[in-house]
Amino acid sequence: MTNFKTILFAVLAVILSSCCKSGDYEFERLYENLPFEMERVYRPQIPDYSVNLTDFGAVGDGVTLNSEAFAKAMSHLESKGGGHLIVPAGIWLTGPITILSNIDLHVTPNAIILFDPSRELYPVIETVFEGLDTKRCISPVNAYRAKNISITGGGVIDGAGQDWRPLKKSKVTEGFWQKQVAAGGVVENNIWYPDEGYLEGTRGASMNVPREGLDLDYIKSFLRPVMVSLRECENVLLEDCLFQNSPAWNLHPLMCRNVIIKNVSVRNPSYSQNGDGIDVESCENVIIVDSDFDCGDDGICIKSGKDADGRRRARPCSKLIIDGCTVYHGHGGFVVGSEMSGGVHDIKVSNCRFLGTDVGLRFKSNRGRGGVVDGIWIENINMTNIVTECILFNLFYSGASPADRVVDGKLVKGADLPLPVDETTPAFRDIHISKVVCNGARQAMLFKGLPEMPVKGIDVKDCTITADKGIELSWCEDISITGTSIVCPEGVQTLTTHNVNNLNNQ
């Protein structure tokens, strides 16, 4: 019966897609003049059946642990072919929640789902983090190979990330630091860690992958999860809710297809380590619209795996529309990379605002990644108070935030020596940027390609950028900057027909 219902819902979705006239489709305006082919993305089909979380013994007092109630509710809905799990007003303390196919987690406006950070609630699983195949704790909200799922309702989902994340003393006030240290944990080199296990996990780790032979239960804090992990899912909707305070990244759709992110808010403290807003990784057919992100790392980030793991996966991130979004604090407003080894293509970003991010438009990678980023169109972007570059291409990405890179004054030695081009060589090309207005940045544009693989085919037009410095280009080819005004202390520079070919180390 379950298989029959699944087939029936799929048939109904196809009928709905074919019967809807273009004027009836809610995102039709986003497809007008779209510079690439992309099929319409529709909302998941959820059965018209609802249950209340309290029907399964849940208590919304912020003290009672409701893990069992959530699990029972999900199991019941699955037995009925799906439906809506209503989370009413209250504070619902719980362990991880697994969303199953054909189910809507409906968090009502005055409801808060608060995740208990007790490590025993989070088993270690095989997953992907920062583009690498690895092991991490299961995510507070998770789904794996589910179809027709959603999180809606307007409520709050809080990951209790303050109990998982390390904290750098340099990022907070002295009073905040003293309070954090007094609460417990351990300190080393002016970094606070939640426990000794986290510190042990950092020793000998490659990026965020721990060395072999460690007791994974002991280092669970180091294996802190992303808050919302959607792996290999299809027909996904996140709408209206506030997602905040994640242990690592906040929202992470991975190898998903047909995803809608609409009118959500994503918040993390500005000091949160790995506190990305949304990381769309190796996904296809994604719409992100009318949402805002206030983060401790990149705001809206596009990825497709890292190095050999990403190349082996060979799943590009493609067919994305991003419109009407706002990014506040964060290392970048719209970001591609640095994990882009599977390739990134066919993306349109429009009508967005970046207010105080480290970088506005940020493209980053490094030798060893491989992958091709091309076919990206960006238009109508307004920025204010950008800490470093308005537009940045950096193929010598070090892993530090741009602001930290400036403070440390670190240089990449030997960067001018070309290496052989092979599958590990990243490439950025065919990227179109227009109608950007930036009021305040340290530098208007910094393009830094590789000697063996220049950044090429970048078209910037009809922009107005106010910055302390103008344009710096290294290892670039076929860069076109037209109809653009750069306002800096040296005066106003209007670039009407500025074309750069074969520019190396300037």
My understanding is that only residues two or more places apart in sequence, or in another chain, count here; which of them pass side-chain hydrogen bond (donor to acceptor under 3.5 Å, both in side chains) with Glu281?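 Applying side-chain hydrogen bond (donor to acceptor under 3.5 Å, both in side chains) to Glu281 gives His252, Arg313.
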Does the side-chain contact (heavy atoms from CB on, under 4.5 Å) test come out yes or no for Val336 and Phe363, once each step is laid out? CA-CA 5 Å; Val336 176; Phe363 298 84; 3.8 Å; yes
Side chains of His331 and Asp298 only: does a donor on one sit below 3.5 Å from an acceptor on the other?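 His331 vs Asp298: no donor-acceptor pair found between side chains.
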Partner of Val286 by side-chain contact (heavy atoms from CB on, under 4.5 Å), out of Val259, Asn258, Val236, Val41: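 That would be Val259.
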Under a 4.5 Å cut-off applied to non-hydrogen side-chain atoms, are Lys306 and Asp309 in contact?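 Of all side-chain heavy-atom pairs linking Asp309 with Lys306, none is under 4.5 Å.
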Look at atom CG of Asn110 and say whether more than 12 heavy atoms of other residues, nucleotides or ligands are closer to it than 6.0 Å.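 No, not enclosed.
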If you measure from the Lys or Arg side-chain nitrogens to the Asp or Glu carboxylate oxygens, is any gap between Glu28 and Arg40 under 4.0 Å?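 Counted as a salt bridge, because a side-chain N and a carboxylate O are separated by less than 4.0 Å.
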Without hydrogens or angle criteria, can the side chains of Ser341 and Arg311 be said to hold a donor-acceptor pair below 3.5 Å?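 On atom types as modelled, these side chains do not qualify, holding no pair under 3.5 Å.
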Less than 4.0 Å between a side-chain N and a carboxylate O, is that true for Glu126 and Arg231?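 Salt bridge absent between Arg231 and Glu126.
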Verify side-chain contact (heavy atoms from CB on, under 4.5 Å) between Val141 and Phe115, making sure each step is shown before the conclusion. CA-CA 9 Å; Val141 179; Phe115 287 97; 3.5 Å; yes
Strictly below 4.0 Å, N to O, side chains only: are Lys319 and Asp346 in salt-bridge contact?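 Yes.
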Restricting to side chain to side chain contact (heavy atoms under 4.5 Å, CB included), what partner residues turn up for Pro316, sequence neighbours left out?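 Scan of Pro316 (side chain to side chain contact (heavy atoms under 4.5 Å, CB included), adjacent residues dropped) gives His345.
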Contact between Asp323 and Phe27 at the side-chain level, heavy atoms closer than 4.5 Å - yes or no?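 Answer no - side chains too far apart.
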Exceeds 12 heavy-atom contacts within 6.0 angstrom, atom NE2 of His106: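 Yes, NE2 of His106 has more than 12 neighbouring heavy atoms, counting only those of other groups under 6.0 Å.
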Have Glu239 and Asn263 got a donor and an acceptor in their side chains that come within less than 3.5 Å?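 Judged by distance alone, the side chains do not pair up.
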Hey, which of Ile113, Thr152, Leu53 is the one that makes side-chain contact (heavy atoms from CB on, under 4.5 Å) with Leu105?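 Exactly one option meets the side-chain contact (heavy atoms from CB on, under 4.5 Å) with Leu105, and it is Ile113.
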Does the gap between the ring centers of Trp164 and Tyr122 come in under 6.0 Å?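 Trp164 vs Tyr122: aromatic centres under 6.0 Å.
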After noting the C-alpha distance and the side-chain angles of Asn148 and Asn235, does the key distance pass the side-chain hydrogen bond (donor to acceptor under 3.5 Å, both in side chains) rule? CA-CA 5 Å; Asn148 295 309; Asn235 306 333; 3.2 Å; yes
Between side-chain atoms of residues 427-441 and protein atoms elsewhere (two or more places apart, or another chain), which donor-acceptor pairs fall under 3.5 Å?
residue	atom	partner	partner atom	Å
Asp430	OD1	His432	NE2	2.6

Do Val280 and Ile288 pass the side-chain contact (heavy atoms from CB on, under 4.5 Å) test, and can you show the C-alpha distance, the side-chain angles, and the key distance before you say yes or no? CA-CA 10 Å; Val280 183; Ile288 304 174; 3.9 Å; yes
Are there over 12 heavy-atom neighbours, none belonging to Asp422, within less than 6.0 Å of that residue's CG?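 Yes, enclosed.
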